[in-house]
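Everything numeric here is computed off the predicted structure, so don't read it as measured data. Order of the sequence lines sets the chain letters (A, B, ...), proteins ahead of strands, with each chain counted from 1.
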Number of protein chains: 2
Amino acid sequence: MSSAPRRADARRNRARLLETAHALFAERGTDASLEEVARRAGVAIGTLYRHFPTREDLLAGLFERSLQELADEADALLAEPVGVEDVLGWLRLFASHSGTYRGLPRSVLVGLDEEGSPLHASCTRMQGGAARLFAAARAAGSIRADVSTEDVLAIVAGIAWVVEQVGGDGRADRLLGLVRDALAAVR
Amino acid sequence: MSSAPRRADARRNRARLLETAHALFAERGTDASLEEVARRAGVAIGTLYRHFPTREDLLAGLFERSLQELADEADALLAEPVGVEDVLGWLRLFASHSGTYRGLPRSVLVGLDEEGSPLHASCTRMQGGAARLFAAARAAGSIRADVSTEDVLAIVAGIAWVVEQVGGDGRADRLLGLVRDALAAVR
DNA sequence: ACCTGAACACCGTTCAAGT
DNA sequence: ACCTGAACACCGTTCAAGT
């Protein structure tokens with residue numbers, strides 16, 4: 001899915017843009033100035049737009065690998081019988097990845113939900129991993145059968161957003177703990 | 001807390017700015033252009049800044065009443081023995097108010113957490129109501145004793161944000177249902 | 001005491017001209 | 001095939017000048 005330009009200078013520029021964007025987004029969040037990204041990468045603004053027509057495309061380029069890792073990790077957990085704590089561990093990972101940059105939880109949530117998003121393909125692959133993990137956990141009787149993967153990912157993206165906004169020691173763990181208790185609850 | 005200017009023209013301008021901002025925020029979210037607010041209100045941009053030094057001050061002016069209503073509603077529920085569904089009903093109300101404008105959940109969350117926020121005083125009053133309601137529910141054995149009001153408000157603000165981002169029929173109710181199950185769960 | 005609006009600094013996005 | 005950078009439209013914020 002990630003477009004690899006043919007010309008060597010184009011490949012170099014693309015790589016430099018990704019590196020620079022990563023550094024700047026990590027520093028100031030995903031709404032950092034694209035002009036500054038281009039400036040720091042040493043290319044003209046038009047070059048940035050040629051490689052990444054929208055900010056979301058740039059984000060997709062940056063976050064693709066991370067989403068693949070999440071899918072792989074979910075599949076790795078399938079080996080053993082899947083307990084609630086395995087699910088919680090994976091959700092913690094998901095929240096943590098989603099919090100890589102300030103502003104990213106929003107893009108992940110939208111990427112999961114909207115076909116038009118440049119992140120959609122990668123998010124869908126990641127959701128596939130989650131769905132397999134959840135199915136195994138349900139089969140093992142570890143979590144409720146009446147809660148969708150989609151809703152769980154949505155609420156955990158919400159938690160990632162909360163933590164991004166107000167942080168606070170241990171808050172992520174406490175809020176994720178509520179999700180675990182809801183998943184484990186018998187109704 | 002809401003400053004009432006002495007001069008009649010100033011009072012009129014303040015009121016017009018609030019009306020106009022409400023309409024525009026409802027239409028485009030809380031990051032709508034302040035220049036357009038001033039333009040539509042028929043005042044110069046400097047007048048807007050005199051009345052509301054920051055966007056957050058404007059939001060505080062708009063949302064004060066709503067937060068007071070939430071506090072009152074929580075106290076009204078204290079009359080009867082407080083069950084889980086009462087708590088859930090109030091949380092639904094909180095989520096709904098927080099979703100008045102796109103972008104508002106963020107300001108509410110930050111207003112709850114940060115003393116510096118112009119929304120902090122109103123949010124704190126509202127949190128007071130929530131705290132009394134929760135205490136009554138705990139005393140009645142309706143909800144767990146080991147979950148803080150603060151954390152519940154935070155996760156529900158997260159849900160309001162999720163719904164603001166991706167909506168979806170019944171999603172708000174399903175996610176709030178997870179919070180209810182977590183609150184009702186025995187550990 | 002309050003209002004006006006020009007001025008400054010910055011940004012997103014497009015596109016004609018170049019190599 | 002790709003890069004450059006000027007051009008356009010828009011915005012947030014401040015502040016000297018007015019009434």
Phosphate OP1/OP2 of C:dC3: any B:Asn13 side-chain N/O under 4.0 Å: yes
Of the listed nucleotides D:dC11, C:dG12, C:dC3, the one nearest the side chain of B:Ser33: D:dC11
Residue pair A:Asp113 / B:Arg171, side-chain heavy-atom distance below 4.5 Å: yes
Whichever of A:Gly46 and A:Asp31 has its nearest DNA chain C nucleotide further upstream toward 5': A:Asp31
Proximal nucleotide (of D:dC2, C:dC2, D:dC11) relative to the B:Ala10 side chain: C:dC2
Candidate nucleotides C:dC2, C:dA6, D:dG12, ranked by approach to the side chain of B:Arg7 - the nearest: C:dC2
Within 6.0 Å of NE2 in A:His22, more than 12 heavy atoms from elsewhere: no
Closest to the A:Arg6 side chain, choosing from D:dC2, D:dG5, C:dC2: D:dC2
Options C:dT13, C:dC2, D:dC2, nucleotide nearest the side-chain atoms of B:Asp9: C:dC2
Closest to the B:Val43 side chain, choosing from D:dT14, C:dT4, C:dT13: C:dT4
Distance test, side-chain N/O of A:Arg55 to OP1/OP2 of C:dG12, below 4.0 Å: yes
Minimum-distance nucleotide (side-chain atoms of A:His51 versus D:dC3, D:dG12, C:dC2): D:dC3
Sugar-phosphate, base or nothing in reach of B:Thr47, heavy atoms under 4.0 Å: base
Under 4.0 angstrom between B:Arg50 side-chain N/O and C:dC2 OP1 or OP2: yes
